[in-house]
> 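This is the structure I want to talk about, given as structure tokens.
Letters go in sequence order (proteins before strands), and every chain restarts at 1.
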Amino acid sequence: MADLFPPAQVDAKIKVDEKADYSNLPCPVPYEELHREAFMSLKADNFEGLRFDFSKALNQKFSLSHSVMMGPTEVPSQSSETIKIPTAQYEFGANYFDPKLMLIGRVMTDGRVTARAKADLTDKLILKANAQLTNEQHMSHAMFNFDYMGPHYRAQFQLGNSALIGATYIQSVTPRLSLGGEIFWAGVPRKSGVGYAARYETDKMVASGQVASTGAIVMNYVQKISDKVSLATDFMYNFFSRDVTASVGYDYILRQSRVRGKIDSNGVTSALLEERLSMGLNFLLSAELDHKKKDYKFGFGLTVG
Amino acid sequence: MAAKRIGGGKSGGESSILAKISNSEIVSHGRRVAGDTIEISKKLLKSTGKAAWISGTTFLILVVPLIIVMDREAQLNEMELQQASLLGTPSTSMQR
């Protein structure tokens with residue numbers, strides 16, 4: 001629940017003079033976090049059933065987490081009707097946080113193991129690693145990212161299993177506008193592509209757009225009405241499959257709670273309420289209505305620690 | 001007898017008139033229009049009901065929690081203000 005009360009963002013970015021000082025450009029956001037603000041408002045993790053998370057810090061750097069999830073899970077099926085079967089899962093996690101090194105491991109009762117690591121090799125070069133092991137075939141994967149942070153650009157090199165190679169680059173063009181590009185090549189489903197992205201931000205709004213040769217076009221716009229309220233909208237279009245989705249949402253952060261609501265063009269309405277009952281005890285209520293599919297999901301949860 | 005005959009004759013005449021009326025163009029047309037109206041109004045009522053249901057549930061999900069939470073925030077602020085005025089000091093320690 002680290003995202004419940006996000007710290008006053010990294011927007012402590014050196015306020016460059018209004019007349020652009022092109023020799024003193026800020027470092028842009030990482031390429032994969034281009035839509036950060038919009039995702040924070042619109043991609044609330046709505047769940048169904050019960051969720052209980054407990055985390056305990058053993059010492060300053062090491063902590064353990066336990067979580068229990070119970071409720072219906074959707075099973076993929078050919079028919080349009082969604083089929084749900086009740087499941088219960090337990091997840092055990094161990095975290096190690098250090099200013100220079102971060103290690104996160106998770107084990108689920110269904111046999112899934114995930115591991116994440118982030119290490120600052122130098123103060124400019126960061127290595128991130130992600131791995132997932134499952135007992136299903138072709139679902140296990142591993143990925144290494146090398147991030148290099150320049151004074152006004154960021155570059156990333158990705159290396160994954162099944163011969164995936166990728167690189168991204170993002171550059172601040174003016175103090176507010178940053179432009180980026182990506183290129184990737186996958187060996188196993190022989191595929192390659194390029195993508196471009198742009199992001200424009202001011203104190204009051206953030207607009208970002210991304211287009212890739214896979215046909216996906218993503219556009220986001222976030223308007224910060226005050227430091228507590230923001231309205232976000234996104235638009236996704238796939239050029240080849242002609243899928244269009246758009247959604248509008250709000251994100252309201254209060255002193256003791258946070259409410260996020262969203263409605264999208266498929267007629268799906270969802271809301272997530274996070275309420276702080278006392279220090280270290282959060283209560284979650286999640287709702288999602290899909291009138292078209294007659295699929296209604298409600299969930300509640302507790303986060304301790 | 002006579003009454004019956006008269007009545008029978010009358011009723012016969014009436015029924016023929018009724019038949020004439022009910023077979024007339026205007027009445028059948030009117031009946032069709034009435035039927036259509038009922039059908040359309042039924043459909044309209046049904047779709048309005050559905051729209052009301054959808055918008056009502058959407059409101060319940062999106063707006064009601066927001067109102068409740070904002071109301072509680074306002075109450076909390078008010079309480080803090082009261083406390084501050086009672087104690088005469090800015091209650092920074094009250095903030096959790």
Side-chain angles (χ1 to χ4, degrees), chain A residues 4-5 41-42 44 46 48 225-233 247-300, chain B residues 27-96:
Chain A
L4 181 44
F5 299 101
S41 306
L42 294 171
N46 287 93
E48 187 171 16
I225 291 174
S226 69
D227 52 348
K228 284 181 169 178
V229 193
S230 57
L231 295 178
T233 174
S247 55
V248 189
Y250 66 81
D251 185 353
Y252 202 129
I253 300 170
L254 295 126
R255 231 180 318 165
Q256 294 209 327
S257 49
R258 178 175 185 186
V259 195
R260 276 177 281 181
K262 179 185 99 166
I263 182 159
D264 75 6
S265 58
N266 295 326
V268 183
T269 312
S270 62
L272 180 70
L273 167 71
E274 296 161 69
E275 172 96 34
R276 186 157 67 177
L277 298 178
S278 66
M279 264 316 262
L281 181 64
N282 291 321
F283 180 63
L284 309 175
L285 274 178
S286 156
E288 196 175 320
L289 300 184
D290 189 342
H291 287 290
K292 223 183 252 174
K293 281 199 258 172
K294 291 233 184 330
D295 183 14
Y296 312 116
K297 296 180 190 169
F298 296 94
F300 74 101
Chain B
V27 170
S28 63
H29 186 73
R31 200 178 283 160
R32 224 179 306 131
V33 168
D36 285 355
T37 323
I38 289 169
E39 190 77 5
I40 288 169
S41 56
K42 248 187 203 165
K43 270 186 189 163
L44 204 70
L45 213 67
K46 216 173 168 183
S47 58
T48 349
K50 206 171 171 186
W53 165 248
I54 289 178
S55 53
T57 45
T58 303
F59 180 80
L60 196 70
I61 293 294
L62 284 183
V63 186
V64 172
L66 196 67
I67 291 172
I68 293 171
V69 164
M70 278 164 79
D71 188 52
R72 257 242 322 261
E73 178 92 347
Q75 255 176 26
L76 213 79
N77 278 342
E78 204 174 292
M79 230 168 65
E80 216 158 72
L81 217 75
Q82 253 176 19
Q83 231 145 19
S85 67
L86 272 176
L87 298 171
T89 48
S91 60
T92 42
S93 61
M94 282 307 293
Q95 275 174 4
R96 286 196 288 176

> So do the side chains of L66(B) and Y252(A) get within less than 4.5 Å of each other, counting heavy atoms only?
yes
> To the nearest 0.5 angstrom, please state how far the NZ atom of K228(A) sits from the CD atom of E73(B).
4.5 Å
> Could you name the residues of residues 45-60 of chain B that have a heavy atom within less than 4.5 Å of a heavy atom in chain A?
W53(B), I54(B), T57(B), T58(B)
> Is there side-chain contact between I61(B) and Y296(A), with at least one heavy-atom pair below 4.5 Å?
no
> Atom CG in L76(B), atom CD in Q256(A): separation rounded to 0.5 Å?
5.5 Å
> Please list every donor-acceptor pair under 3.5 Å in which a side-chain atom of residues 32-42 of chain B meets a protein atom from a residue at least two apart or in another chain.
| residue | atom | partner | partner atom | Å |
| --- | --- | --- | --- | --- |
| T37(B) | OG1 | V33(B) | O | 2.5 |
| S41(B) | OG | T37(B) | O | 2.9 |
| S41(B) | OG | I38(B) | O | 2.9 |

> Restricting to salt bridge (charged side-chain N to carboxylate O under 4.0 Å, His left out), what partner residues turn up for R72(B), sequence neighbours left out?
E275(A)
> What pair of heavy atoms forms the shortest contact from L62(B) to S270(A), and how long is it?
CD2-O, 3.7 Å
> Once salt bridge (charged side-chain N to carboxylate O under 4.0 Å, His left out) is applied, do any residues pair with D295(A), and if so which ones, sequence neighbours excluded?
K84(A)
